[in-house]
Amino acid sequence: LPATGDALFRRRSYMPLVLVPLFVLSVLDDRPGTPFSWEVFCFAIALSGLIFRAVVVGMAPQGASTRGTRRTTADSLSTLGPYSIVRHPLYVANTIVALGCSLLSGTWYLPVIVVLLSFIYHERIAAREEAFLQSTFGDSFRVWASEVPAMIPAFHRYQPSHVPFQLQKVIVQESHGLCAIGTAFLVLDTLEDSVRVGHLQFDPRWVSIFIATLVPFLVVVIVKKAPAAR
């Protein structure tokens, strides 16, 4: 598992693209269109996954993890906050986001496939990361890992983090995720509606939601590029 996880870890930014054909086929399925209330419900599920990610990122101490995809690094072992209830909270959050997007199809099979593939995929990356953490932190890691489940949260074990919530860090790191969710729902809904009516059709409600998710991302990009321009 760690060997397979190493290859997946280095390509994790691109691996979700493998699911794109499944999503497209599901929304092109010959069936009645999904009501907007169901689409909003699916969006709320995806958004809840992103909010969970925001909590994890906002409470993570400096040096506890990295966003790099070439190698695993960590200066400290996170065991409080979200990490006190589950060892891989970011992977749980990613699965919830993917589940919300897959439910938009209105099919029974796509959510099942997405959740199963997500667990298999994250299991291998987690094995790779845990091999590194065990070699780095030794007994501290083994004690924590023996008490905290890998992917199914144990909420009764929650212990608050000593790190104040870092809103600016969350905005910078997660604005692209918010935009990605808005884009995914706009594209999938447009595909479904266009196939049903026989011509390109945009739902103005999803266009508005997409714009609302795009603005924070653009602001972050512009602010990050401004110092370089000067």
Could you please spell out the steps behind the side-chain contact (heavy atoms from CB on, under 4.5 Å) verdict for Ser118 and His122?
CA-CA 6 Å; Ser118 180; His122 288 125; 3.1 Å; yes
Output, in order, the C-alpha distance, side-chain angles, deciding distance and verdict of side-chain contact (heavy atoms from CB on, under 4.5 Å) for Val56 and Met59.
CA-CA 5 Å; Val56 177; Met59 291 184 175; over 6 Å; no
Could you give me the CA-CA distance, side-chain angles and deciding distance for Phe141 and Thr136, then say whether side-chain contact (heavy atoms from CB on, under 4.5 Å) is met?
CA-CA 8 Å; Phe141 168 78; Thr136 303; over 6 Å; no
Could you walk me through whether Val86 and Ile152 pass side-chain contact (heavy atoms from CB on, under 4.5 Å), step by step?
CA-CA 7 Å; Val86 65; Ile152 307 298; over 6 Å; no
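Of all the heavy atoms in Pro89 and Phe52, the pair that sits closest is O-CE2, 3.6 Å. Residue Cys101 comes nearest to Ala184 through the heavy atom pair SG-CB, 4.4 Å, listed as atom of the first residue, atom of the second, then distance. Here the shortest heavy-atom pairing between Thr34 and Gly106 reads CG2-CA, 4.1 Å. Minimum heavy-atom separation, Phe132 to Ser135: O-OG, 2.7 Å. Considering all non-hydrogen atoms of both residues, Gln166 and Ala60 come closest at NE2-O, 3.0 Å. When all heavy atoms of Ser102 and Pro111 are compared, the pair lying nearest together is OG-CA, 3.4 Å.
Using a 3.5 Å distance cut-off with no hydrogens or angles, the side chains of Gln201 and Ser194 do not pair a donor with an acceptor. Checking Tyr91 against Glu129 by side-chain atom types alone, a donor-acceptor pair falls below 3.5 Å.
Once rounded to the nearest 0.5 Å, the distance linking OG1 of Thr183 with CG of Leu188 reads 10.5 Å. In this structure, Ser146 OG and Asp139 CG are separated by 10.5 Å, a value rounded to the nearest 0.5 Å. Note that CD1 of Ile120 is 12.5 Å distant from CD1 of Ile125, once rounded to the nearest 0.5 Å. Atoms CD and CD, from Gln173 and Gln168 in turn, are 11.0 Å apart once rounded to the nearest 0.5 Å. To the nearest 0.5 Å, atoms NE2 (His156) and OG (Ser84) are separated by 10.0 Å. Between Asp193 atom CG and Leu200 atom CG the span is 10.0 Å, to the nearest 0.5 Å.
Both Leu104 and Val40 are part of a single hydrophobic cluster, where members link through side-chain heavy atoms under 4.5 Å apart. Note: the hydrophobic cluster containing Ile211 also contains Val187 (ILVMFWY, side chain heavy atoms under 4.5 Å, direct or indirect links). Leu80 and Tyr158 fall into different hydrophobic clusters, where Ile, Leu, Val, Met, Phe, Trp and Tyr residues are linked whenever their side-chain heavy atoms come under 4.5 Å apart, directly or through other members.
Just one of Leu110, Val115, Leu116 meets the side chain to side chain contact (heavy atoms under 4.5 Å, CB included) condition when paired with Val112; it is Leu116.
Evaluation of the side chain to side chain contact (heavy atoms under 4.5 Å, CB included) rule for Leu167 yields Phe165, Ile171 as partners, not counting sequence neighbours. Contacts of Pro204 classified as side chain to side chain contact (heavy atoms under 4.5 Å, CB included), with partners at least two apart in sequence or in another chain: none. For the salt bridge (charged side-chain N to carboxylate O under 4.0 Å, His left out) test, residues two or more places apart in sequence or in another chain that qualify with Glu130 are Arg87. In this structure Phe41 satisfies the ring-ring contact (aromatic ring centres under 6.0 Å, His included) test together with Trp38, sequence neighbours excluded.
Residue pairs meeting the salt bridge (charged side-chain N to carboxylate O under 4.0 Å, His left out) criterion with at least one member in residues 103-121, sequence neighbours excluded, do not occur. For residues 191-219, every residue pair satisfying the ring pair (Phe, Tyr, Trp, His ring centres under 6.0 Å) rule, not counting sequence neighbours, is listed here: Phe36-Trp206, Phe43-Trp206, Phe185-Trp206.
At least one side-chain heavy atom of Ile45 sits less than 4.5 Å from a side-chain heavy atom of Ile96. Taking the side chain as every heavy atom from C-beta outward, Glu192 and Glu39 approach each other to under 4.5 Å. Side-chain atoms of Leu178 and Leu47, non-hydrogen and from C-beta on, do get closer than 4.5 Å to each other. Two residues are said to be in side-chain contact when any heavy atoms from C-beta on lie closer than 4.5 Å; Ile181 and Val97 meet this criterion. Put simply, the side chain of Pro216 does not reach to within 4.5 Å of the side chain of Cys179, judged on heavy atoms. Between Lys225 and Val221 there is a side-chain heavy-atom pair separated by less than 4.5 Å. Within the 4.5 Å cutoff, no side-chain heavy atoms of Ile85 are placed close to those of Val148.
The main-chain N or O of Leu77 is never found under 3.5 Å from a side-chain atom of Trp144 such that the two would form a donor-acceptor pair.
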